[in-house]
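Order of the sequence lines sets the chain letters (A, B, ...), proteins ahead of strands, with each chain counted from 1. The basis for the numbers below is simple: all heavy atoms, side chains too, and nothing from hydrogens, waters or symmetry mates. Since the model is a prediction, treat every value here as computed from it, not as a measurement.
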Amino acid sequence: MLDIQALRNDLDGVVSALKKRGFDFDAAGFLALEQTRKTLQTRTQDLQAKRNNASKLIGMAKAKGEDVSAVMAEVAGMGDQLKADEAQLSALQAQLQALLLNVPNLPHDSVPAGLSEADNVEVRKVGVPRQFDFAVKDHTDVGAPLGLDFDTGIKLSGARFTFMRGAIAKLHRALAQFMLDTQTEQHGYTECYTPYMVNADSLIGTGQLPKFEADLFSLNHNDSKLYLIPTSEVTLTNSVRDEIVAMEALPIKLTAHTPCFRSEAGSYGRDTKGMIRQHQFDKVEMVQIVHPSKSYEALEEMVGHAERILQDLALPYRVVSLCVGDMGFGAAKTYDLEVWLPAQNTYREISSVSNCEAFQARRLQARFRNEAGKPELVHTLNGSGLAVGRTLVAVLENYQNADGSVTVPEILRPYMNNLALIHAD
RNA sequence: GGAAGAGUGGCUGAGCGGUUGAAGGCACCACCCUGGAAAGGUGGCACAGGGGCAACUCUGUCGCGGGUUCGAAUCCCGCCUCUUCCGCCA
């Protein structure tokens, strides 16, 4: 959520910044709403002050045993007017709030211009794609004989679900364990176990609601509605919702390995084959809650934390700075990590690391006590470290052998009973 | 799921329809005191929003939402959470 003060003080600046990311802010509508709000709020509060005063007088007079009928008469008609004004005001404020909740974050100055993926800027390329002396297969063909079973996933649940068995399932688990161990033991994140179902408030806090409800899976339980988390960014970041933490507690660095659930509405026909785009996938997430002056430093650092996984797995990748138009709703700046997929002969997204600045913190009311002892909004960052399913895809494709077997990356072997080669039985 | 009790500021905790963000204590900050420390003294110390160039001022908030009332932390209704006991369950 944007700071409403910024909109009041520099509406033109905000509008043009939003324009860069392809968002048309209804400035006229906002101004009209604000104008009405101002008038109504002033009037309501004046009326409340009058009412409070009169009530006070009644109390004092009654204590002295004086006659209060005159004052009572004066206040008599005020109630209805006040009630009407209050109702109108709160409706108006709800309207303003709703408007604000649907506005994306302002991009940081360093973010490249552009409206689509094509305008993203490559920052660096790491590792050299392997030269194959045989025809490479994609991960579905490599995986099928080894236990990667899409048909059973489809039977059980439908399209975009996968069933894994045997060494593939174990490799998948090994990847998650390795990532989690790296982020906790090497990079100082605290391992967390979090709910997979959350309430609407949590999703409003991180920005998935109200605008992107269609992308979520939800469950009705009695009268309440819960949502399946689309990423543990939601639970990790919401852990500081409505909290005022001590400045010394910053940065708070959290990580979790959880499944993620996404309806993938609006992506019909894209990546339908294989496990690139699933309704359910595992991810190791990193979240940092930091002092506002440190968030861009933390962003670079987190990109490094995600890169470390790919480097240890010896997977070629590149780092891309997303252009304004390709960034997510809450991000001020985002780097994507794209891993090399030989079968697609291209780099594909495997991690996304974003600085949301105070955008989420404002919705979350997540604050710290600053030098002056005053509560101030924190900055929040999140990033994948990494998406487990896509990493499995990358390993299967990059480590495949001519005979159909897959070499287990060195670093994963301790997690696999020192298994060095996965092959069909 | 059933029964009972409870939710007040950073913490603890009084107030339980009337002039007051809310006693006392702890913590914290400033100053005084002190050779230093401890103890002591004085003052300060919730959050959010509005109006005003400013000094300043107004409004809202005692778990959340509604109601009664001229007036609600205090009364009524609904909900949520926590604690204890019982039941059930991995």
Side-chain angles (χ1 to χ4, degrees), chain A residues 1-9 11 30-101 193-205 219-227 235 238-250 252 289 358 360-378:
Chain A
M1 188 160 68
L2 299 183
D3 184 0
I4 194 160
Q5 297 301 343
L7 284 157
R8 287 178 185 145
N9 300 332
L11 186 56
F30 172 77
L31 278 177
L33 223 48
E34 256 295 278
Q35 187 56 51
T36 319
R37 189 226 95 230
K38 195 163 166 172
T39 319
L40 193 59
Q41 182 163 356
T42 312
R43 193 173 79 196
T44 307
Q45 293 189 348
D46 283 351
L47 206 56
Q48 283 170 330
K50 248 165 93 182
R51 191 254 342 252
N52 289 348
N53 256 319
S55 295
K56 219 173 280 179
L57 289 177
I58 293 171
M60 284 194 288
K62 273 199 168 170
K64 282 187 260 177
E66 292 169 3
D67 175 40
V68 293
S69 53
V71 203
M72 295 277 274
E74 191 191 319
V75 195
M78 248 155 76
D80 290 340
Q81 179 66 46
L82 197 52
K83 207 166 274 185
D85 280 4
E86 279 170 353
Q88 206 186 332
L89 181 61
S90 79
L92 204 61
Q93 271 166 341
Q95 225 178 317
L96 261 168
Q97 181 76 0
L99 184 95
L100 241 42
L101 282 176
Y193 172 84
T194 81
Y196 301 158
M197 297 182 253
V198 294
N199 57 34
D201 282 346
S202 295
L203 290 155
I204 289 169
L219 304 147
N220 286 301
H221 177 65
N222 297 334
D223 293 334
S224 70
K225 186 173 189 177
L226 290 173
Y227 296 83
T235 46
N238 270 275
S239 66
V240 292
R241 169 152 57 89
D242 295 324
E243 301 284 338
I244 301 175
V245 302
M247 191 166 59
E248 300 73 48
L250 303 178
I252 297 171
I289 314 294
Q360 292 181 325
R362 190 168 291 110
R363 296 168 162 246
L364 294 159
Q365 283 304 298
R367 295 169 292 174
F368 71 101
R369 235 168 247 292
N370 66 18
E371 289 82 348
K374 287 290 166 195
E376 189 180 332
L377 295 171
V378 296

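Residue-to-nucleotide proximity on RNA chain B shows that, of A:G59 and A:V75, the 5′-proximal contact is made by A:G59. Projected onto RNA chain B by closest heavy-atom contact, A:T42 and A:K83 fall at different nucleotides, the more 5' of which corresponds to A:T42.
Comparing the C1' positions of B:rG40 and B:rC33 gives an interatomic distance of 8 Å, to the nearest angstrom. Between B:rC89 and B:rC16, the distance separating the two P atoms is 47 Å to the nearest Å. Nucleotides B:rA22 and B:rC47 place their C1' atoms 14 Å apart, quoted to the nearest Å. On the C1' atoms, B:rU74 is 15 Å away from B:rG21, given to the nearest whole Å. Separating the P atom of B:rC56 from that of B:rC62 is a span of 27 Å, rounded to the nearest Å. If you take atom P in B:rG60 and the same atom in B:rA55, they sit 23 Å apart, rounded to whole Å. Using atom C1' as the reference point in both B:rG17 and B:rU12, the two lie 26 Å apart (nearest Å). Comparing the same atom, P, in B:rC76 and in B:rA23 gives a spacing of 25 Å after rounding to whole Å.
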Under 3.5 Å, which protein N or O atoms sit close to an N or O of nucleotides 44-47 of chain B? Give each pair with its distance.
from	atom 1	to	atom 2	distance (Å)
B:rC47	O3'	A:R367	NH1	3.2

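Looking at A:N238 and A:T194, their side chains never come closer than 4.5 Å, going by heavy atoms from C-beta outward.
A:Q5 comes within 4.0 angstrom of the backbone, heavy atoms only, and of no base.
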Pairing pattern in dot-bracket form [Watson-Crick, G-U; both distances under 3.5 Å; | = partner strand] for RNA chain B | ((((((((.[[[..)..(.....]]].(((((.......))))).((((((....)))))).[[[[[..)....]]]]])))))))....
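Picking from B:rU68, B:rC70, B:rG51 the nucleotide with the shortest atom distance to the side chain of A:M72 gives B:rC70.
Regarding A:E86, its CD atom lies at a distance of 10 Å from the C1' atom of B:rU59, rounded to whole Å. A:L100 has its CG atom 14 Å from the C1' atom of B:rG49, to the nearest Å. If you take CG of A:L96 and P of B:rA48, they are 19 Å apart, rounded to a whole angstrom. The CG atom of A:D201 sits 12 Å away from the P atom of B:rG65 (whole-angstrom rounding). For the pair A:L40 CG and B:rG51 P, the computed distance is 13 Å after rounding to whole Å. Distance, A:M60 CE to B:rG17 C1': 17 Å, rounded to whole Å. To the nearest angstrom, P of B:rU59 lies 21 Å from CG of A:L92. In this structure, A:I58 atom CD1 and B:rG18 atom C1' are separated by 10 Å, rounded to whole Å.
We find the CG-OG1 distance between A:L31 and A:T36 to be 10.5 Å, quoted to the nearest 0.5 Å. From A:L99, atom CG reaches atom CE of A:M1 across 11.5 Å, with rounding to the nearest 0.5 Å. The structure places CE of A:M197 at 12.5 Å from OG1 of A:T235, a figure rounded to the nearest 0.5 Å. Atom CZ in A:R363 sits 8.5 Å away from atom CG in A:L100 (nearest 0.5 Å). Rounding to the nearest 0.5 angstrom, the gap separating the NZ atom in A:K50 from the CG atom in A:L82 is 10.5 Å. Atoms CZ and CD, from A:R43 and A:Q81 in turn, are 6.0 Å apart once rounded to the nearest 0.5 Å.
Side-chain atoms of A:T44 come within 3.5 Å of backbone atoms of A:L40 as a donor-acceptor pair (strictly under, hydrogens ignored). A donor-acceptor pair under 3.5 Å is absent between the side-chain atoms of A:D201 and the main chain of A:I204, judged by distance alone.
Every residue was checked against the salt bridge (charged side-chain N to carboxylate O under 4.0 Å, His left out) condition with A:E243, not counting sequence neighbours, and none meets it. The ring pair (Phe, Tyr, Trp, His ring centres under 6.0 Å) check on A:Y227 picks up nothing, with sequence neighbours excluded.
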Mind listing the side-chain donor-acceptor pairs of residues 55-63 of chain A below 3.5 Å, one per line with the distance, residues two or more places apart or on another chain?
from	atom 1	to	atom 2	distance (Å)
A:S55	OG	A:R51	O	3.1

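The stretch residues 43-56 of chain A touches RNA chain B through A:Q45, A:Q48, A:A49, A:R51, A:N52, A:S55, A:K56, each having a heavy atom within less than 4.0 Å of the strand.
Electrostatic pairing of A:E86 and A:K83 does not count as a salt bridge here, judged by no charged N lying under 4.0 Å from a carboxylate O.
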